[in-house]
Amino acid sequence: MAEPGQAGGERPFDLVLLGATGFAGGLTAEYLARHVPSGCRWALAGRNREKLEGVRDRLAAVDPAWVDLPLLTADVEDAESMQRLAGITRVVLSTVGPYLAHGEPLVAACAEAGTDYCDLTGEPEFVDRMYLAHHARAVETGARLVHACGFDCVPADLGALFTIQQLPEGVPVRMRGLVSADAAPSGGTLHSAVAALTRGPQASAAASRRRAGEQRPVGRRVGSIRRGPHHDAEAGAWLLPLPTLDSHVVRRSAVALERYGPDFRYGHYAAFRRLPAALLGLTGVAALGGAVQVPPLRRLILARLPQGQGPSEERRTRSTFTVRFLAEGGGTTVRTEVSGGDPGYTETAKMLSESALCLAFDDNPPSAGQVTTAVAMGENLVARLRRRGLDFRVTPHASD
C-alpha cells in the first residue's frame, strides 16, 4: 500500500477546491483565502472560467495575494478531466452536489491517483456506492476518501470521539447525539435531500450490498440505539430519530477504532424543548417526503430554491447549532457538547476547509480507503476546529 496522500510524488498543488462558483463553494473559497498557511499551493477548479474569475476577484478583495490564484478548467461530467485534476494535487475538496448525480468521477480519479479527497455529502447512498466501487483501490494507492466533512457529519463524528475520550477504556458504551439547529437551507441542500427521499429502494440496496461485504470488528460489537419519537427526561427534550448519514458515520468510526470499546451503541436524534415544535418537525418531514414522490410537486418544490442559492449573510449570522452527547460507560456518565454558528454554510465551509488542510499538512494516524473524519484525522481536526471557534466541551450534569 502506498503512503497516504503520497502516491505520484511531488505535485503542483497542495489542494484544489472544485465547485467554488456554487454557494457553499464560494464560502469555502473565502474561508481558505483567509486561513491557508503561508506557502500553501492551492487553486480553484470548475467548468466555467468566467465564473471562476469572478470568485477569484472576491478573494483578491479579501487578500490581494490571491489576484493571480490559479484557475483550473475541470468538468465533473468528464472523467478524463477529473483524472487530470486528481493527478496534480495532493488533496481535492469538492462542493459539487448532489453527489449521487455528480460525484463519482472525481472519487474514482482520486482513488486511482492516490489523492486525498473530502466533500460535503450527506447522501448515504452515494457514500455506500463509493465504498463499494472505490474503497479497495484507494487502500491500494493510499488515497483517503473522506466524505461528509461539513455539518454532515463532523459535529456528530468528532463529538462522539471527544465524548469517548472522557470515558474509561475497554467498557461497553451507550451514547446518544441530540441535534438542535436554527438555520435556513440552500438550494444545493434541498436538491440533495429531495434526491435522497425519492431513492429509498436504491439506497437500501446499496446499504445491503455494503453490509454484506464490509469487514466487521473482531471481538467487538457496534450497533444502534433504536427508539421512536419520545420524551427524554434526562435530556429535557422531545427526541425524534434522525435518519441521516451521521449515525452511520459514527458507527463506522467505532468499528475502526478500538477506543470505542467492546460494545458501542449509538442513537442520533433531533431535540426539541417543546412538544408542538417536535410535532411540527415530524409533520414537515412527512409532508416533504410524501410531496416529492409526486413529480409535479417535486418540480415545484425544487423550483422554489434553485441550486446555487442560499441564506443571506444576515440570516447566517443569526444561525447556531448545538449537538449534545449523553453517554454511559463503565459506571461513568458523561455529558458533552459541540456548538457553533451557522451550521449549513459558515461552519460547514470551515469544517470542509480545515479537513482539507488537516489532510494536507498534519501528522495524522495512518489510514487509507474510505474513512471517516475521526479515523483519518481525529484529534488533529478537533484541535483545528477548536482554534477556529467551534466549541467542544464537557458539560455538567443536571444534578451537579
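Side-chain contact of Thr372 with Ser253: a donor-acceptor pair under 3.5 Å is present, judged by distance alone.
More than 12 non-hydrogen atoms from other residues, nucleotides or ligands lie less than 6.0 angstrom from CD of Glu214. Heavy-atom contacts from other residues, nucleotides or ligands closer than 6.0 Å to CZ of Arg174 number 12 or fewer.
Without hydrogens or angle criteria, Arg129 side chain to Ala203 main chain gives no donor-acceptor distance under 3.5 Å. At least one donor-acceptor pair under 3.5 Å links the side chain of Arg90 to the backbone N or O of Ala360. For the pair Asp391 (side chain) and Val338 (backbone), a donor-acceptor distance under 3.5 Å is absent. Remark: side-chain polar atoms of Arg220 are paired, donor with acceptor, to backbone N or O of Val255 under 3.5 angstrom.
Contact of the Thr336 side chain with the Val334 side chain is registered, since non-hydrogen atoms from C-beta on lie closer than 4.5 Å.
A side chain to side chain contact (heavy atoms under 4.5 Å, CB included) with Phe151 holds for exactly one of Val179, Leu352, Leu120; it is Val179.
Here the two rings, on Tyr269 and His230, have centers that are under 6.0 Å apart. Between His147 and Tyr99, the ring center distance fails the sub-6.0 Å criterion.
Of the charged side-chain nitrogens involved, at least one lies within less than 4.0 Å of a carboxylate oxygen, so that Arg137 and Glu140 count as a salt-bridged pair. Using a 4.0 Å cut-off between a side-chain N of Lys or Arg and a carboxylate O of Asp or Glu, Arg384 and Glu379 do not qualify as a salt bridge.
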